[in-house]
Amino acid sequence: MEDHLKGLNAMQKEAATHMEGPLLIVAGAGAGKTKTITHRILNLIKNGVDPEKILAVTFTNKAAKEMQERVNSAIADNFVGNAFSRVLGSPGLRTPARPARKSITNEIISRPFVSTFHSLGVYIIKENARILGLTRHFTILDESDSTTLIKEALKELGLDPKQYDPKRIKNIISREKGKFTHLKDYEEKVNDPASSGASYLGKIVAQVWNLYEKKKTKENSLDFDDLLLKATKLLKENEQIRKIYQEKWEYIHVDEYQDTNEVQYLMSRLLSENNKNICVVGDADQNIYSWRGANLKNILSFEKDYPNAKIVLLEENYRSTQNILEAANEIIKKNKYRPDKNLFTKNPIGEKIGFYEALDENDEADFVATKILEIMDQENVREVSKILQGPRFSGSPNPGQTIEKFSNLTDIAILYRANFQSRALEEAMLRYNIPYQVLGVKFFERKEIKDTLAYLRAALNPKSLSDIKRIINFPTRGIGKVTLAKIFAGEKETLPIKVKIKINNFYKILEEIKNKIENEKASDVIKFTVKKSGIETELSTGTEEDLERLENIKELATLALKYDNLSAQAGLKAGLGIEKLLEDASLASDQDSLIERGEKKEIKNAVKLMTVHASKGLEFKNVFITGLEDGLFPHQMNGEIKNEEDKEEERRLFYVALTRAKEKLFLSFANYRTIFGSRQINTPSEFISDIPSDILEKEGEKNGIKTIYI
């Protein structure tokens, strides 16, 4: 076997060595799909494909970062120095390969393009900004900014935001864009009496959507959905541009294909339609995002879309014990809309699955907390035992000697179906003094970080009224709402001279920041912005909370260090570092709170709390799945009986939860749970009875007596 294929099993190798034509890799949970894609990319390069001709797209920044690091590491290990020249310069290659470009710090600069779908959209839009009526420095609106603009649109239309929820309208617009529906198409549908889509709410949404688009155009801004919609529309309607990207990327890889919506599906097809060298990786059993447009039919219809497709099935799981896999297989086999697949592993049988019947949510949370303490104690005993037997110690430790706790709490996750469940669990973590971190608290969503980034965005894009509105009076400059309204209405000249001076001074600050962006390193720009804007003075003389906010901004400057050399390595202007930082900040997801930032590590030695949806793609040694009650998991909205497709998605969601665990799994449900102030009596989830009883083990009972933790 060639060196670059070492460590692959037979099916992984079959997928990795496939060269031409469409390929579907059906990869079960923990089956090594990222490893397989990495080796496939490596094999393509080994066979003469220019790395820059390869595109790999996934969904989260965390997944893209992991794949990029693995690909870079594999290339570095296999193509360093003369070895690289020998491989690319050897006779009999299918395509000519140009010499590798090198630098002192990074021997091989030529790399495959690895990104998320949204980052790919940003890339295509920035390269074609003028055609789309944008500037390169367009602003990417986050969820709250989009909702704010929609709320403003409602008010301008004389509609009450309390009656027409801006978030609901935003979600409807987002869902339509995900279906590749354009505003004109939607307006025709809702205004046609003969259309099944016609409705009063639809007409309201169309009016708001129309004004929302006008506001974004005025601000030179796009929302998340525009990043995919506009890029895909451009590829579909402009043949010349489509050919450019088809020639640029001859080999397309799409991860988590089961989660693609209509726009992502179409983008993938358009990019690959010329040569059909598309490799998609996915698992129908892990499709859990239909509520945001993910279409399961995309992966189930791959063979129909690409008749000559090769199918490779990865069923060997490297993550979980046999007991955990048995439970997962039993759960998912009840679903009908799935290709037949049965995960297996050579891992040990492992411990039985713990099952706890709680009195209420507080009892359940206490069980989880005390069980975590048990796990910590067991880990500490093992680690201390190793140390005492090691060369550093002779005999017993001195009396009174303290030995550090060695528990790796990042190996423990608590999963729940709905966000409200975290309250009782967090209280228990605090009560038992267990460090914890809730996924979803994004670094970039903190006010002080958003304020600092708003200065940078406004400096690059002065049309961004949302950013101007956020910072023009922070720190306080004596510029009120009336003054702001006149500025936005183009009536600046009607303002008093003192006010005009204040406004001019503000815009001078933005000009100075822009000059720094274009000429200095990203970290230095952050430091300058915080000083020049007055944020540093404002926070350093404030409360203890203000000082903590200032520390967070300093962490932003530390994070910016990794963007400092971005432009230098590419031989381009300095401003690209800040551009990339702003892009990454706008596209950050919940899982990014687990990514290390700069020198200060965001990954804490703490138990992770998250929804099951947020856990997708992660793995932990010990996993608690809580709230397994009928109506909660599987979930029902307002007592609504779900259709068969919804039921299957809930089962897939539980399957995802089960397969996050590597060694030990705990399930729990509460007989009583208070929801929205009402105490409810619950029955256990049907999922519990679907798991074979011989691999379940009741927790909290000894000699028939149940232990209640207080």
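From a predicted model like this one, the values you see are computed outputs, not experimental measurements.
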Completion exercise
side chain to side chain contact (heavy atoms under 4.5 Å, CB included) with K580: of D584, L576, L582, only one passes, and it is D584

Quick check: closest heavy atoms across [X] and [Y], and the distance to 0.1 Å?
| X | Y | result |
| --- | --- | --- |
| P161 | P166 | O-CD, 3.5 Å |
| R470 | A454 | CD-CB, 3.9 Å |
| N238 | I241 | OD1-N, 3.1 Å |
| I468 | P462 | CG1-O, 4.0 Å |
| L465 | K218 | CD1-CE, 4.2 Å |
| Q286 | D259 | O-OD1, 3.9 Å |

Any heavy-atom pair between the side chains of [Y] and [X] that's under 4.5 Å?
| X | Y | value |
| --- | --- | --- |
| N298 | Q258 | no |
| F488 | K469 | yes |
| V57 | T116 | no |
| I54 | V49 | yes |
| N295 | E262 | yes |
| H253 | L44 | yes |
| L55 | I41 | no |
| F506 | N473 | no |

Practice task
Given side chain to side chain contact (heavy atoms under 4.5 Å, CB included), test L42 with V71 step by step and report yes or no.
Solution key: CA-CA 7 Å; L42 190 60; V71 168; over 6 Å; no

Exercise for the section: For K616 and E256, run salt bridge (charged side-chain N to carboxylate O under 4.0 Å, His left out): C-alpha distance rounded to whole Å, both residues' side-chain angles, the deciding distance at 0.1 Å, then the answer. Expected result: CA-CA 10 Å; K616 177 79 179 298; E256 303 289 5; 3.6 Å; yes

Taking the side chain from [X] and the backbone from [Y], do they hold a donor-acceptor pair closer than 3.5 Å?
| X | Y | value |
| --- | --- | --- |
| R660 | E619 | no |
| T181 | E176 | yes |
| H137 | L460 | no |
| N61 | L587 | yes |
| K53 | E247 | yes |
| N128 | I124 | yes |
| T476 | G478 | no |
| S119 | S115 | no |
| T558 | K554 | yes |
| N461 | N220 | yes |

Practice task
Establish, from distance only, whether the side-chain atoms of S523 and D564 form a donor-acceptor pair under 3.5 Å.
Solution key: yes

Practice task
Examine the side chains of N515 and E511 and answer whether a donor and an acceptor come within less than 3.5 Å of each other.
Solution key: no

Practice task
Check whether the ring centres of Y123 and F113 lie less than 6.0 Å apart, and answer yes or no.
Solution key: yes

Practice task
Could you walk me through whether Y212 and S146 pass the side chain to side chain donor-acceptor pair (under 3.5 Å) test, one step at a time?
Solution key: CA-CA 9 Å; Y212 174 56; S146 296; 3.3 Å; yes

Separation of [Y] [atom2] from [X] [atom1] (nearest 0.5 Å):
| X | Y | atom1 | atom2 | value |
| --- | --- | --- | --- | --- |
| I513 | E518 | CD1 | CD | 12.5 Å |
| S221 | R457 | OG | CZ | 10.5 Å |
| S586 | H118 | OG | NE2 | 11.5 Å |
| L266 | T260 | CG | OG1 | 11.0 Å |
| I169 | W209 | CD1 | CH2 | 12.5 Å |
| W249 | I278 | CH2 | CD1 | 13.5 Å |

For the pair [X] and [Y], find out whether any cationic side-chain nitrogen is under 4.0 Å from an anionic carboxylate oxygen.
| X | Y | value |
| --- | --- | --- |
| K167 | E143 | no |
| E219 | K216 | no |
| D142 | K450 | yes |
| E127 | R136 | no |
| R269 | E273 | no |
| D223 | K177 | yes |
| E512 | K508 | no |
| R549 | E545 | yes |
| K215 | E152 | yes |

More than 12 non-hydrogen atoms from neighbouring residues, nucleotides or ligands closer than 6.0 Å to [atom1] on [X], yes or no?
| X | atom1 | result |
| --- | --- | --- |
| E548 | CD | no |
| K500 | NZ | yes |
| K230 | NZ | no |
| K492 | NZ | yes |
| K236 | NZ | no |

Exercise for the section: Before giving the answer on side chain to side chain contact (heavy atoms under 4.5 Å, CB included), spell out for F474 and D451 the whole-Å C-alpha distance, their side-chain angles and the decisive distance to 0.1 Å. Expected result: CA-CA 8 Å; F474 179 76; D451 290 339; 3.5 Å; yes

Exercise for the section: Assess whether side chain to side chain contact (heavy atoms under 4.5 Å, CB included) is satisfied between K608 and Y436, documenting all intermediate values. Expected result: CA-CA 6 Å; K608 308 304 175 191; Y436 72 94; over 6 Å; no

Practice task
Could you please spell out the steps behind the side chain to side chain contact (heavy atoms under 4.5 Å, CB included) verdict for V438 and E426?
Solution key: CA-CA 9 Å; V438 181; E426 286 189 69; 3.7 Å; yes

